[in-house]
Number of protein chains: 2
Amino acid sequence: MANKAGRSRPGAGSRNGSDFEHPLVTVDLIIFTVRDRELKLLLIKRGDPPFEGMWALPGGFVRASESLEVSARRELEEETGVSDIFLEQLFTFGEPDRDPRARVITVAYFAIIASDRRVLRASADAADARWFSVAELPKLAFDHERIVEYAIERLRNKLEYTTVGFQLLPAEFTLSELQHIYEVILGKQLDKRNFRKKILSLDVIQETGRTKMDGVHRPARLYRFSEARFMKLRDKGILFPF
Amino acid sequence: MANKAGRSRPGAGSRNGSDFEHPLVTVDLIIFTVRDRELKLLLIKRGDPPFEGMWALPGGFVRASESLEVSARRELEEETGVSDIFLEQLFTFGEPDRDPRARVITVAYFAIIASDRRVLRASADAADARWFSVAELPKLAFDHERIVEYAIERLRNKLEYTTVGFQLLPAEFTLSELQHIYEVILGKQLDKRNFRKKILSLDVIQETGRTKMDGVHRPARLYRFSEARFMKLRDKGILFPF
DNA sequence: ACAAAAGTGTTGAGAGTACACCCATGC
DNA sequence: GCATGGGTGTACTCTCAACACTTTTGT
């Protein structure tokens, strides 16, 4: 009841009885990954009217004992089986009519799953959960299209001033792989020399000494994220993806 | 009930009955202004236990018919009498124990009031609503200190890549006044020549032709915000304060 | 030898930063 | 005439953008 009594002066508005009944509160998840050189997100097929058969964002109710983030992590784990990944609150959507059945306020979170992670555990059978390329999304239930749009915008912005891009890759990766992540999300080509120069100047990755034999061409050096160096940057206020 | 049915597979968790009862949902407001060369925000004194006599952020319940932003604007209007100002969603706080009396999830909004606006309408008598300098805040109720901390951080960030700073000033202002806003919020001194060069190069303000006779020294030129020019920048993706 | 991706430097333009003096006014 | 804040320019550094060829491997 934050701020209730301090503000409950009679006459300040019509606040009698049922006008501020308790709404339902959910968390919805925008779970991004990159596969087949495309930015994808996870959708589930709804089984209930009025959106039966439509695709929607995964999510669920916030339980009485859970913080919002804990609730989001639990849903994430239930959907994908992964839990130790990047997750950030995106925005809270609360138009009164966004769900035709009841007043539902939803706190949207966006998550990022590395491309080598195997997800979609047994509990989510293939029929009702699928990765969709953001370039070819189906019609979505509720106001989920708007939520997705906003999530993609945020992801693009964060890419430029944080290291979220690294979250989409395996622990060891090549610079070309990293560049492809950036190109896929930003939707444009980047200059290879400039990209490498910039990333290396950030001093957040280090060579592993190993290479990736990818087939028929020159093997690429493998790098890994350097936490120690990253912390330095964070203190300087440059990057803060966690 | 967004995402409920799609996710309500039995066995996905213990979701029986009262574990996800409806929480209460409020909006809380961080209302910034600059007065006496200091960044200030509006607090109200609570009249009810368990925080009786403590200062807290203004706010109140979201009504059944209101969107979150409408709700925030209504509270803002009730507190200050102003309505046509910058307002933006900040973050949603939902720790289960943030209010000792009940589960309350609060959507925080931050607002910016120009320094020449007269606020605090009659309904809020001086005894229970006051501006506090962010440098000397009292202990706050609930988790409001954390909320305020986050709001200040966001304000600082936005100052650097948007034109929020202009929102704190009257419609006509001098470059020195604008610079003081930046210095107060960023907490550091800026070089006068560089500041003017940068602001003028953004091409978002224009001279009014008038000057401000401030007393005992050279009169300063008055500028005003140039919406047309601003829109150009917005299209280029540089500034987006609205 | 050739196909395919990896890897590598330089140059020019623009932005940011540091820095010191004259100007217009009221008293 | 002096105190007070208003107003102005230049030089250096650093970052960003444009741009093309050689290297290493598998076949």
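Here is the naming used below: chain letters follow the sequence lines, and residue numbers restart at 1 for every chain.
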Taking only residues two or more places apart in sequence or in another chain, which ones pass salt bridge (charged side-chain N to carboxylate O under 4.0 Å, His left out) with A:Glu183? none
Partner residues of B:Phe93 under the ring pair (Phe, Tyr, Trp, His ring centres under 6.0 Å) criterion, sequence neighbours left out: B:Phe91
When the side chains of residues 214-224 of chain B are checked against the rest of the protein, which donor-acceptor pairs come out under 3.5 Å, sequence neighbours left out?
none

Only counting residues at least two apart or in another chain, list the ones meeting side chain to side chain donor-acceptor pair (under 3.5 Å) with B:Glu145. none
Looking at residues at least two apart in the chain, or sitting in another chain, which of them share a salt bridge (charged side-chain N to carboxylate O under 4.0 Å, His left out) with A:Arg196? none
What string of B, S and - do you get for nucleotides 4-11 of chain D 5' to 3' if you count protein non-hydrogen atoms under 4.0 Å? BBBBBBB-
Not counting sequence neighbours, which residues clear ring pair (Phe, Tyr, Trp, His ring centres under 6.0 Å) with B:Phe32? List them please. none
Applying ring pair (Phe, Tyr, Trp, His ring centres under 6.0 Å) to B:Tyr182 and not counting sequence neighbours gives B:Phe195
With a 4.0 angstrom cut-off to heavy atoms of chain A, pull out the first and last contacting nucleotide of DNA chain C, in 5'-to-3' order. C:dA3 to C:dT10
